[in-house]
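Structure record follows, encoded as structure tokens.
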Amino acid sequence: MAPKVIRDPVHNHIYFDRKTDKLILDLLECREVQRLRRIRQLGVAHFTYPGAEHSRFSHSLGVCHLMKRALHHVSVNDGDERPPSEVHRSAVMAAALLHDIGHGPFSHVLERDFSGDHERRTIELIKDESTEVHRALSRHNRDVPGLVADILMGQKPEVLWLRALITSQLDVDRMDYLLRDSHFCGVGYGRYDHEYIFHTMRIHKVPPDDLLQPVWLHKACRVIEEYLFARYYMHWNVYYHHTTKGYEELLKAICECAAELIKDGSVSAPPAIRKLVCREALTCSEFLALDDGVLMACIGA
């Protein structure tokens with residue numbers, strides 16, 4: 001059976017085997033993942049860089065693709081010494097795809113002041129039995145929802161090396177967003193050789209705890225330096241751009257003003273929007289009703 005092929009402007013072709021990657025294909029159809037199409041990766045940066053209209057959905061696909069590439073190189077480089085089990089492979093691929101489903105409108109812009117920690121919300125959505133992602137994970141294997149949550153939280157020693165592939169100083173999440181943000185912003189700062197980073201990666205026990213972690217051969221120094229400089233230049237030239245930071249503060253001020261108007265009865269708003277701007281606890285269902293378009297429609301009204 002021919003694999004599922006998704007065309008991507010950054011990675012060109014993304015392949016998913018219809019049998020071994022069935023869980024990923026099922027998760028792609030879930031409401032919580034599809035919602036990421038309506039949340040911009042870079043918040044309000046599109047006001048500064050008009051091309052920066054890409055979504056959390058395309059980024060999550062890219063992270064999942066890079067995780068698959070990383071696991072392939074682990075298998076090739078370490079042979080039978082460090083193979084993840086089939087259930088661990090499925091779980092870490094799923095974790096890569098789902099790692100951002102807890103983002104609220106405009107991603108990080110409103111996270112600290114309004115929508116709450118996206119990592120905590122991601123775990124809630126994965127564990128909540130009413131969500132489509134939880135049901136998809138459970139159909140694959142009843143232990144997978146807990147295992148995916150464990151990988152994302154990184155609290156169990158046996159999954160720390162898998163978590164490090166997703167969240168560390170050199171991980172597939174950062175690898176994708178540097179390449180993707182650079183491409184869509186039309187700048188060259190975020191480019192580096194990610195395939196060579198995978199090629200030189202090994203999984204070994206690291207002192208003092210002798211826990212498995214990704215490590216790199218010495219010959220990878222130059223390409224890792226290239227990656228670190230990419231991070232540095234993208235932060236100073238794109239993520240911390242003064243115009244973008246100004247728009248972020250403006251959006252926060254609008255939400256603060258909306259909260260005051262709602263509280264004194266001057267305006268009305270849908271329950272989810274009211275709870276968001278007034279910093280009230282949101283249920284999973286209310287949270288999933290929020291995205292960039294919903295918030296902008298209320299601002300425009």
Side-chain angles (χ1 to χ4, degrees), residues 4 6 8 14 16-41 54-68 71 84-105 107-108 111 115-156 159 162-163 165-167 171-173 176-177 272 276 281-294:
K4 173 72 174 178
I6 299 173
D8 181 76
I14 294 177
F16 291 116
D17 185 275
R18 296 182 187 273
K19 183 176 180 180
T20 58
D21 297 324
K22 186 178 186 304
L23 173 60
I24 300 303
L25 296 177
D26 288 345
L27 288 171
L28 284 172
E29 300 302 319
C30 292
R31 173 193 180 194
E32 297 81 11
V33 177
Q34 288 294 313
R35 169 181 167 273
L36 297 179
R37 291 182 183 272
R38 304 187 297 278
I39 297 178
R40 288 185 180 88
Q41 171 75 6
H54 55 302
S55 69
R56 288 274 159 187
F57 180 82
S58 63
H59 164 61
S60 296
L61 264 176
V63 174
C64 188
H65 166 72
L66 290 182
M67 178 58 75
K68 190 172 183 178
L71 294 176
S85 67
E86 192 57 39
V87 68
H88 278 78
R89 178 189 180 278
S90 297
V92 76
M93 289 273 292
L97 181 66
L98 301 177
H99 78 287
D100 272 349
I101 60 173
H103 268 295
S107 296
H108 291 291
E111 181 172 353
S115 58
D117 180 66
H118 78 278
E119 294 179 347
R120 177 186 60 80
R121 179 69 72 173
T122 295
I123 301 300
E124 289 178 1
L125 293 171
I126 289 169
K127 290 185 172 182
D128 190 322
E129 295 181 3
S130 69
T131 63
E132 292 183 13
V133 292
H134 179 91
R135 293 197 291 268
L137 293 168
S138 297
R139 283 196 304 270
H140 182 78
N141 185 308
R142 66 182 182 179
D143 296 326
V144 167
L147 183 54
V148 172
D150 287 341
I151 291 171
L152 290 174
M153 291 187 292
Q155 295 178 341
K156 294 186 177 181
V159 298
L162 294 172
R163 172 177 166 77
L165 295 177
I166 301 177
T167 303
D171 58 54
V172 293
D173 181 20
D176 182 79
Y177 76 60
L276 174 71
L282 290 156
T283 66
C284 284
S285 180
E286 289 169 335
F287 177 80
L288 291 171
L290 296 169
D291 56 44
D292 293 8
V294 169

Name the residue from Leu71, Leu23, Leu98 that meets the side-chain contact (heavy atoms from CB on, under 4.5 Å) definition with Met93.
Leu71

Quick one: which of Ile24, Leu25, Ile14 gives a side-chain contact (heavy atoms from CB on, under 4.5 Å) with Lys4?
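Result for side-chain contact (heavy atoms from CB on, under 4.5 Å) with Lys4: Leu25.
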
With a 4.5 Å cut-off on side-chain heavy atoms, are [Y] and [X] touching?
X	Y	value
Leu276	Pro105	yes
His65	Asp8	no
Val33	Ile101	yes
Val144	Val87	yes
Ser55	Leu36	no

Looking only at non-hydrogen atoms, find the nearest pair between [X] and [Y] and report the distance.
X	Y	result
Ile39	Ser107	CG2-OG, 3.5 Å
Ala289	Val294	O-CG2, 3.6 Å
Arg89	Lys68	NH2-CE, 3.8 Å

Gap separating the SG atom of Cys64 from the NE2 atom of His99, nearest 0.5 angstrom:
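That separation rounds to 10.5 Å.
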
Nearest 0.5 angstrom please: Gln41 CD to Asp176 CG, how far?
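Going from CD on Gln41 over to CG on Asp176, the span is 7.5 Å.
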
Go through Arg37 and Gln34 one step at a time and tell me if the side chain to side chain donor-acceptor pair (under 3.5 Å) criterion holds.
CA-CA 6 Å; Arg37 291 182 183 272; Gln34 288 294 313; 2.7 Å; yes

With no hydrogens and no angle check, do the side chains of Ser85 and His88 hold a donor and an acceptor under 3.5 Å apart?
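Present: a donor and an acceptor within the cut-off.
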
Regarding Glu111 and His118, do their side chains bring together a donor and an acceptor under 3.5 Å, going by distance alone?
yes

Please work out which of the three classes, parallel, tilted or perpendicular, describes the rings of His59 and Tyr177, given edges at 30° and 60°.
tilted

So does Glu132 get a backbone contact from the side chain of Glu32, meaning a donor-acceptor N/O pair under 3.5 Å?
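Yes; judged by distance alone, with no hydrogens or angles, the pair exists.
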
